[in-house]
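Quick notes on the structure that follows.
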Number of protein chains: 2
Amino acid sequence: MNAIARRKSLDPGQPHVMEGDASHDFANVTSGVAKLVRGAEDGRRQIVGLLFPSDFIYGSLGKSEPAGAPHSIEAVSSLELCIFPRLKFEELLRDYPSLEFKLLSRTLDELQIAREWMVLLGRKTAEERVASFFLYVTQKMNNLGCQGQTNFDLPLGRADIADYIGLTLETVSRQISKLKKDGVVGFEGTKHVIYVDREELEKRAGF
Amino acid sequence: MNAIARRKSLDPGQPHVMEGDASHDFANVTSGVAKLVRGAEDGRRQIVGLLFPSDFIYGSLGKSEPAGAPHSIEAVSSLELCIFPRLKFEELLRDYPSLEFKLLSRTLDELQIAREWMVLLGRKTAEERVASFFLYVTQKMNNLGCQGQTNFDLPLGRADIADYIGLTLETVSRQISKLKKDGVVGFEGTKHVIYVDREELEKRAGF
DNA sequence: CGCTTAGTTGAAGCGAATCAAAACTAGTGG
DNA sequence: CCACTAGTTTTGATTCGCTTCAACTAAGCG
């Protein structure tokens, strides 16, 4: 597996793939966080997913003429990727069925997350969205760093959070201020989280 | 494949799976349309996906202790399913790699659609949402019935459309009225579409 | 036909967006 | 170490698009 892999490093903000690019290869995030972004000419943006270490980036599978990438992939923090050329990767899938099964299982998880987010974007209030976001991030952080550590940096700035949960950055800021005032989350500076009341967040996150 | 399949028929409105149900088997839609629904106690609902003939229903793959279903699956019109018991189906996947590959490919398509919908729910205006919905449905209908036929029944009523695109049914109704008035779509009754100006719809659908 | 459900239309209210400005952070170089 | 600048975050005032509430109309069905 390592034999066919190529490494790539990206600085914060740099794109790995641009919307519409003829695409491409598969990859694996080994360190850092990336965002999947869809943007309009008029400035509107929607983040459709975050990639954490161990997450996959899918090329266009089995398509003879790969379509343009549906969204850009950009580094949020310093990002390390492990890239697999498309054809080589598909060979690999054929040769190692357990790898393909794993990939299918992961993809179903991603689909589940996307649908969860559809509920958030379609039906939740501003407060519920922000609370849900905090729950999602703390869960991710715990899975990675393992264990109940409520002490980590938010992977996104206010503007990116807004684009992820379908609000404006002003509304996000106001809701975070409210959570701070109510003692539901604690901050050190603007990005570093030092305290989280998970139970209260769940109450405020809605369904 | 047919050897392990069981058939099931559902009337409009009937559930195949309820939210939270211990789940389950895999299935294939052979006829009709189904909706995937997530609902809150306070009445809010979000449809996170539609299933047309040939679409798959996923059970909990490879999980030793299947989690509760994240959303219910309900018949929209008369629905015919082909059901495969979970363990049998997983055997099948092991024995026929090409089936698994196909399934992976389909799942990636579903993920793409879900993310497209995240953009709609997070950033589009009411008019853009309704236009996008019409484009989506006409495309689906053409794929199924094949060829440029702009003559079909909407698979959903106003309330379900609203729950699919994250609006209220009143707003949906107003936007459809506007499209009719502007000659972008034509109706016979309230559900039967007899004319669609695809180009104009695309203009109004936003990004 | 009456009856029930689904869809349309109107008026008023509200939550989040927008517009605007101040406060805070972080980097840079004197 | 501090002043200076550019970018981010917070806070405030106002506006606007969609929701809500309400009444009416059309369509499907025993």
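Bear in mind that the values here come from a model prediction, so they are computed numbers and not experimental data.
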Measure [atom1]/[X] against [atom2]/[N] and give the value in whole Å, please.
X      : N      : atom1 : atom2 : value
B:L169 : D:dA23 : CG    : P     : 17 Å
B:I165 : D:dC18 : CD1   : P     : 11 Å
A:R158 : C:dA23 : CZ    : P     : 18 Å
A:D153 : C:dA26 : CG    : C1'   : 14 Å

Could you check whether the rings of A:Y136 and A:F52 sit parallel, tilted or perpendicular, using 30° and 60° as the cut-offs?
perpendicular

Describe, in one word, how the ring planes of B:F26 and B:F89 are oriented to each other, choosing from parallel (under 30°), tilted (30 to 60°) and perpendicular (over 60°).
parallel

Using the test side chain to side chain contact (heavy atoms under 4.5 Å, CB included), find all partners of [X] that sit at least two apart in sequence or belong to another chain.
X      : result
B:F187 : B:F134, B:L154, B:R158, B:I176, B:K180, B:V185, B:V193
B:E116 : A:R38, B:Q112
B:K8   : B:L10, B:H16, B:L81, B:I83

Note: A:K35-A:D163 ion pair, threshold 4.0 Å (strictly below):
no

Ion pair check, A:E110 and A:R106, cut-off under 4.0 Å
no

Could you check which residues of residues 177-196 of chain A get a heavy atom under 4.0 Å from DNA chain C? Sort them by number, please.
none

Under 4.0 Å protein heavy-atom contacts per nucleotide of nucleotides 16-22 of chain C, with B for base, S for backbone only and - for none:
SSBB---

With rounding to the nearest 0.5 Å, note down the distance linking CZ in B:R44 to CZ in A:R123.
9.0 Å

Verify side chain to side chain contact (heavy atoms under 4.5 Å, CB included) between B:H192 and B:N151, making sure each step is shown before the conclusion.
CA-CA 7 Å; B:H192 195 76; B:N151 197 290; 2.9 Å; yes

Quantified as the angle between the terminal helix axes (five pairs each), what is the overall bend of the helix from C:dC1-D:dG30 to C:dG30-D:dC1 to 10 degrees?
40°

CA sep, side-chain torsions, deciding dist, call: B:E127, B:T125, side chain to side chain donor-acceptor pair (under 3.5 Å)
CA-CA 6 Å; B:E127 180 177 42; B:T125 64; 5.5 Å; no

